[in-house]
Amino acid sequence: MSIDTTTTMAILKRDFYNRNACQVARDLLGAHLVRFINDQRVSGIIVETEAYRDGDAASHAYRGRTSRNTPMWQTPGISYVYLTYGMHWLLNAVVEPENAPAAVLIRAIQPLDGLDIIAENRYGRPPREWTNGPARTTMALNINAAQNQVDLTSQSDGLWIESADPIPDSDVCTGPRIGLGKNVPEPWRSIPWRWWLKDNPHVSHISKKSNVEPI
DNA sequence: ACGGAGATCTTCT
DNA sequence: GAAGATCTCCGTT
């Protein structure tokens with residue numbers, strides 16, 4: 001789909017995040033993930049997300065609160081950044097009311113501003129592979145442990161999300177979440193809690209093996 | 001284009 | 001001690 005990038009942006013407020021993770025994941029499609037690096041704006045359009053909810057066996061929060069997953073219980077609208085596979089940082093937005101552990105994983109963006117910085121951060125890779133995955137996205141935007149538990153509703157920490165033109169349902173696809181452990185039981189294993197923009201070339205490469213169905 | 005394996009280390013059992 | 005909300009490289013088609 002083509003995307004209008006001339007819209008006037010507004011930073012998403014806490015109320016936006018204080019909702020069911022599935023609704024937030026759906027509505028984050030098309031929003032702009034923005035990072036400030038060396039006084040330069042680096043951003044991308046969110047094109048793929050996943051929801052993780054309370055009681056969800058695939059969620060980090062499922063077996064209770066630990067030092068790592070504590071942000072999931074905290075104020076909606078903060079970040080939850082964690083290290084996976086010993087080497088990759090993944091960015092989540094914490095959602096739902098405080099004490100209801102839930103988050104939305106940002107799985108892919110379409111590069112928008114600061115392409116020179118993104119190219120530098122993803123040196124040697126073709127543009128198509130700059131941000132088409134959750135760890136590729138954090139590498140492109142210099143996101144790591146320093147961005148854990150920052151306030152996404154404020155510019156003060158150099159990482160926030162802005163609203164843009166709403167995406168119609170006809171341009172949204174859903175499917176099962178990617179990369180879940182093989183011991184994750186049904187219905188969580190195949191529940192369609194991943195959302196992406198139809199035909200967008202920047203969705204995560206690893207997800208392209210999975211099924212593709214419109215809402 | 002696709003598939004398999006290694007990388008690498010924190011977190012929790 | 002094992003398992004990850006993954007990426008990259010290197011093989012083969």
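Predicted, not measured: the structure shown is a model, and the values here were computed from it. Residue numbers begin at 1 in each chain, while the letters A, B, ... track the order of the sequences.
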Practice task
May I ask you to establish whether A/Arg177 and A/Tyr52 are in a cation-pi arrangement, using a distance under 6.0 Å from NZ or CZ to the six-membered ring centre and at most 45° from the ring axis?
Solution key: yes
Exercise for the section: Tell me what A/Asn92 touches on the nucleic acid: a base, only sugar-phosphate, or nothing, going by heavy atoms under 4.0 Å. Expected result: base
Exercise for the section: Report the distance from atom CG of A/Asn132 to atom C1' of C/dT8, rounded to the nearest whole Å. Expected result: 12 Å
Completion exercise
To the nearest angstrom, the CD1-P distance between A/Ile143 and C/dC7 comes to 13 Å
Exercise for the section: Could you say whether A/Glu129 or A/Leu105 is positioned toward the 5' end of DNA chain C, judged by the nucleotide with the nearest heavy atom to each? Expected result: A/Leu105
Practice task
Mind calculating the distance between CH2 (A/Trp89) and P (C/dC7) to the nearest angstrom?
Solution key: 15 Å
Problem - Rounded distance in Å between the P positions of C/dA3 and B/dA5 - result: 16 Å
Problem - Cationic N near anionic O, under 4.0 Å, A/Arg41 to A/Asp113 - result: yes
Practice task
Any chance you could lay out the side chain to side chain contact (heavy atoms under 4.5 Å, CB included) test for A/Ile161 and A/Val34, step after step, and finish with the verdict?
Solution key: CA-CA 6 Å; A/Ile161 303 178; A/Val34 186; over 6 Å; no
Problem - A/Arg136 side-chain N/O to C/dT8 phosphate OP1/OP2 under 4.0 Å - result: yes
Practice task
Report yes or no: is there a donor-acceptor pair, N or O only, under 3.5 Å between the side chain of A/Tyr85 and the base of C/dA5?
Solution key: no
Practice task
State whether A/Arg125 places a side-chain N or O below 4.0 Å from either non-bridging phosphate oxygen (OP1 or OP2) of C/dT8.
Solution key: yes
Completion exercise
pair_partner(B/dT8), Watson-Crick or wobble, both distances < 3.5 Å, evaluates to none
Problem - Note: A/Arg35-A/Asp157 ion pair, threshold 4.0 Å (strictly below) - result: no
Practice task
Tell me which nucleotide among B/dT13, C/dC7, C/dT6 gets nearest to the side chain of A/Arg63.
Solution key: B/dT13
Practice task
Let me know the distance between CG of A/Asn121 and P of C/dT8, rounded to the nearest Å.
Solution key: 13 Å
Completion exercise
Of C/dA5, C/dC7, B/dA7, the nucleotide closest to the side chain of A/Pro134 is C/dC7
Problem - N or O in side chain of A/Arg107 less than 4.0 angstrom from C/dT6 OP1/OP2 - result: yes
Handout entry: Charged N-O contact under 4.0 Å between A/Glu96 and A/Arg19
Key = no
Handout entry: Rounded distance (Å) that lies between atom C1' of C/dA5 and atom CD1 of A/Ile106
Key = 12 Å
Exercise for the section: Assign A/Arg177 to base, sugar-phosphate, or nothing according to its heavy-atom contacts below 4.0 angstrom with the strands shown. Expected result: nothing
Practice task
Specify the separation, in whole Å, of atom CE of A/Met87 and atom C1' of C/dC9.
Solution key: 13 Å
Problem - Listed nucleotide nearest any side-chain atom of A/Leu83, set B/dC9, C/dG4, C/dT8 - result: B/dC9
Problem - Earlier contact from the 5' end, DNA chain C, for A/Arg122 and A/Leu90 - result: A/Leu90
Problem - Rounded P spacing from B/dG6 to C/dA2 in Å - result: 16 Å
Fill in the blank from the handout: Testing C/dA5, B/dC12, C/dT6 for proximity to the side chain of A/Thr66, the answer is B/dC12
Exercise for the section: Could you state the atom-to-atom distance from NE2 of A/His205 to C1' of B/dG3 in whole Å? Expected result: 14 Å
Exercise for the section: Quick one: label A/Ala58 by what it contacts on the DNA or RNA (base, sugar-phosphate, nothing), any heavy atom closer than 4.0 Å. Expected result: base
Exercise for the section: Could you tell me the separation between the NE2 atom of A/His60 and the P atom of B/dT11, rounded to a whole number of Å? Expected result: 11 Å
Exercise for the section: State plainly whether the residues A/Arg26 and A/Glu50 are in salt-bridge range, i.e. N to O under 4.0 Å. Expected result: no
Problem - Short side-chain N/O contact to C/dG4 OP1/OP2 from A/Asn183, under 4.0 Å - result: yes
Problem - Complementary nucleotide of C/dA5, counting Watson-Crick and G-U pairs under 3.5 Å - result: none
